[in-house]
Trainee: 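Right, I'll just put the structure down here and ask away after.
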Amino acid sequence: MTAWTIDEDGWCDGALRYDSQYYDARPDGAQVDLLVIHNISLPGGHFGGPHVSDLFTGRVDYNADPSFADLRGLQVSAHFFVRRDGALLQYVSTDQRAWHAGASMFEGRPQCNGYSIGVEMEGADDVPFQPRQYHVLAVLTAALVARYGLSQVRGHAHIAPGRKTDPGPFFDWHFYQVCWLETMRGQPALALTTRGLGFPSVP
């Protein structure tokens, strides 16, 4: 895949842009160094519809599915959404704080939204992800590392244990790392100038 870049305003040139109103400024002096991986599907276990984008942009049709009643009043967003077919959507500039992690903590630091970038993978805890999604995620990761010098990547469950379970047991961390290493080999200049990216320990 072609390498992507994050521009000076925090937008990825490989993503389709859908602006969300659900964001605010990062704390003064915040260093963006954490990538958080989530999964999402609306309705749960159904893929390909408009409802995730509608959720992140405040346009949910609450009559479209009975389960959507639980979404009333919810104001959430992510920076990116990787669809099952590999399409990449962006809702919030990576320079801004998207509302994706909620109550969370990483290495003793609370409120991960302030220093992280959130990526939603179209999927569910009980469904394998598509290979194309991992390749897109790896290329996006490279662009984010180049722009911000990210040092760690974790799942939502790692930063909100007991409250969240995503990206779930079917997220293949090993394959993601394989795709990441392949991407780095294709971008030797980045590999030479960036520090290593820390992944969670998995069996």
Side-chain angles (χ1 to χ4, degrees), residues 4 6-7 9-27 30 32 34-104 111-125 127 129-130 132-134 136-137 139-141 143-144 147-148 150 153-157 159-160 163-168 171:
W4 294 331
I6 308 297
D7 69 20
D9 295 317
W11 295 93
C12 177
D13 60 3
L16 299 173
R17 180 171 172 173
Y18 288 82
D19 288 60
S20 172
Q21 65 270 47
Y22 302 139
Y23 71 92
D24 59 359
R26 295 187 185 276
V32 179
L34 176 65
L35 181 63
V36 179
I37 310 300
H38 308 254
N39 78 47
I40 191 170
S41 55
L42 292 174
H46 295 262
F47 309 127
H51 304 300
V52 172
S53 288
D54 289 346
L55 175 65
F56 292 161
T57 56
R59 299 179 299 180
V60 174
D61 177 1
Y62 299 108
N63 297 315
D65 188 87
S67 66
F68 289 178
D70 296 335
L71 303 178
R72 289 186 182 277
L74 192 62
Q75 296 183 349
V76 294
S77 63
H79 292 97
F80 297 97
F81 177 42
V82 183
R83 286 193 174 276
R84 306 288 287 182
D85 63 2
L88 179 65
L89 283 62
Q90 184 173 358
Y91 303 94
V92 175
S93 162
T94 50
D95 288 343
Q96 303 296 324
R97 175 168 55 187
W99 301 346
H100 62 96
S104 52
Q111 303 302 324
C112 295
N113 282 343
Y115 54 88
S116 69
I117 292 169
V119 178
E120 294 277 4
M121 303 286 283
E122 187 173 29
D125 281 9
V127 179
F129 296 87
Q130 297 297 309
R132 180 74 173 177
Q133 291 180 280
Y134 293 101
V136 168
L137 179 59
V139 175
L140 174 61
T141 301
L144 294 168
R147 177 70 164 76
Y148 296 101
L150 300 181
V153 56
R154 293 294 188 273
H156 200 182
I159 63 170
R163 188 176 69 86
K164 293 294 182 178
T165 59
D166 57 317
F171 185 83

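This structure is a prediction, so every number in the text was calculated from the model and none was measured.
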Trainee: Report the C-alpha distance between D95 and R147 in whole Å, list the side-chain angles of each, state the deciding distance to 0.1 Å, and finish with yes or no for side-chain contact (heavy atoms from CB on, under 4.5 Å).
Mentor: CA-CA 10 Å; D95 288 343; R147 177 70 164 76; 3.3 Å; yes
Trainee: What are the two closest non-hydrogen atoms of A78 and A98, and how far apart are they?
Mentor: C-CB, 4.0 Å
Trainee: Grab the two heavy atoms, one from A143 and one from W4, that are nearest each other, plus how far apart they are.
Mentor: CB-O, 3.4 Å
Trainee: Using a 6.0 Å cut-off, check whether atom CZ of F47 has over 12 heavy atoms from anything other than its own residue.
Mentor: yes
Trainee: Flag yes if more than 12 heavy atoms outside Y22 fall under 6.0 Å of its OH atom; otherwise flag no.
Mentor: yes
Trainee: Quick one: CD1 on I159 to CD on Q111, what's the gap to the nearest 0.5 Å?
Mentor: 10.0 Å
Trainee: Within the distance-only criterion (no hydrogens, no angle test), does the side chain of Q90 pair as donor or acceptor with the backbone N or O of G10 below 3.5 angstrom?
Mentor: yes
Trainee: Is the backbone of A101 close enough, under 3.5 Å, to the side chain of H156 for a donor and an acceptor to pair up by distance?
Mentor: yes
Trainee: So, taking the atom named OH in Y91 and the one named CG in L16, what distance separates them when rounded to the nearest 0.5 Å?
Mentor: 9.0 Å
Trainee: Look at the aromatic rings of F56 and F81 and report parallel, tilted or perpendicular, splitting at 30° and 60°.
Mentor: perpendicular
Trainee: Taking only residues two or more places apart in sequence or in another chain, which ones pass side-chain hydrogen bond (donor to acceptor under 3.5 Å, both in side chains) with D24?
Mentor: R97, W99
Trainee: Determine yes or no for a side-chain-to-main-chain donor-acceptor pair under 3.5 angstrom, with R84 supplying the side chain and E122 the backbone.
Mentor: yes
Trainee: Is the backbone of M121 close enough, under 3.5 Å, to the side chain of Q133 for a donor and an acceptor to pair up by distance?
Mentor: no
Trainee: Do D54 and D61 come within less than 4.5 Å of each other through their side chains, counting heavy atoms only?
Mentor: no
Trainee: Output, in order, the C-alpha distance, side-chain angles, deciding distance and verdict of side-chain contact (heavy atoms from CB on, under 4.5 Å) for Q130 and R83.
Mentor: CA-CA 9 Å; Q130 297 297 309; R83 286 193 174 276; over 6 Å; no
Trainee: I'd like to check V82 versus F129 (side-chain heavy atoms, cut-off strictly below 4.5 Å). Are they in contact?
Mentor: no
Trainee: Would you check if L71 and L42 make a side-chain contact, meaning some heavy-atom pair closer than 4.5 Å?
Mentor: yes
Trainee: Let's go through I40 and L55 carefully: what are the C-alpha distance in whole Å and the side-chain angles of both, what is the deciding distance for side-chain contact (heavy atoms from CB on, under 4.5 Å) to 0.1 Å, and is it a yes or a no?
Mentor: CA-CA 11 Å; I40 191 170; L55 175 65; 4.1 Å; yes
Trainee: Give a yes or no answer on whether the side chain of N39 reaches the backbone of P167 with a donor-acceptor pair at less than 3.5 Å.
Mentor: yes
Trainee: Should we say atom CZ of R26 is surrounded by more than 12 heavy atoms from elsewhere, each under 6.0 Å from it?
Mentor: yes
Trainee: What residues, two or more places apart in sequence or in another chain, satisfy side-chain hydrogen bond (donor to acceptor under 3.5 Å, both in side chains) together with S104?
Mentor: none
Trainee: Working to the nearest 0.5 Å, report the span between OG of S116 and NE2 of H79.
Mentor: 7.0 Å
Trainee: In terms of relative ring orientation, are Y134 and F171 parallel, tilted or perpendicular, with 30° and 60° separating the classes?
Mentor: tilted
Trainee: What are the two closest heavy atoms between P43 and H51, and how far apart are they?
Mentor: CD-CD2, 4.1 Å
Trainee: Give, for atom SG of C12 and atom CG of L89, the distance between the pair rounded to the nearest 0.5 Å.
Mentor: 11.0 Å
Trainee: To the nearest 0.5 Å, what is the distance between CG (D7) and OG1 (T94)?
Mentor: 8.0 Å
Trainee: Please round to the nearest 0.5 Å and tell me the distance separating atom CD of Q75 and atom OG of S20.
Mentor: 9.0 Å
Trainee: Check whether any side-chain N or O of D9 sits under 3.5 Å from a backbone N or O of W11 as a donor-acceptor pair, and report yes or no.
Mentor: no
Trainee: Please step through side-chain contact (heavy atoms from CB on, under 4.5 Å) for the pair D19 and T57, ending with a clear verdict.
Mentor: CA-CA 7 Å; D19 288 60; T57 56; over 6 Å; no
Trainee: Where the side chain of S41 meets the backbone of A124, is there a donor-acceptor pair that is under 3.5 Å apart?
Mentor: no
Trainee: With under 30° as parallel and over 60° as perpendicular, where do the rings of H38 and H100 fit, or are they tilted in between?
Mentor: perpendicular
Trainee: Please say which of L144, L35, L34, V36 ends up in a side chain to side chain contact (heavy atoms under 4.5 Å, CB included) with V153.
Mentor: L35
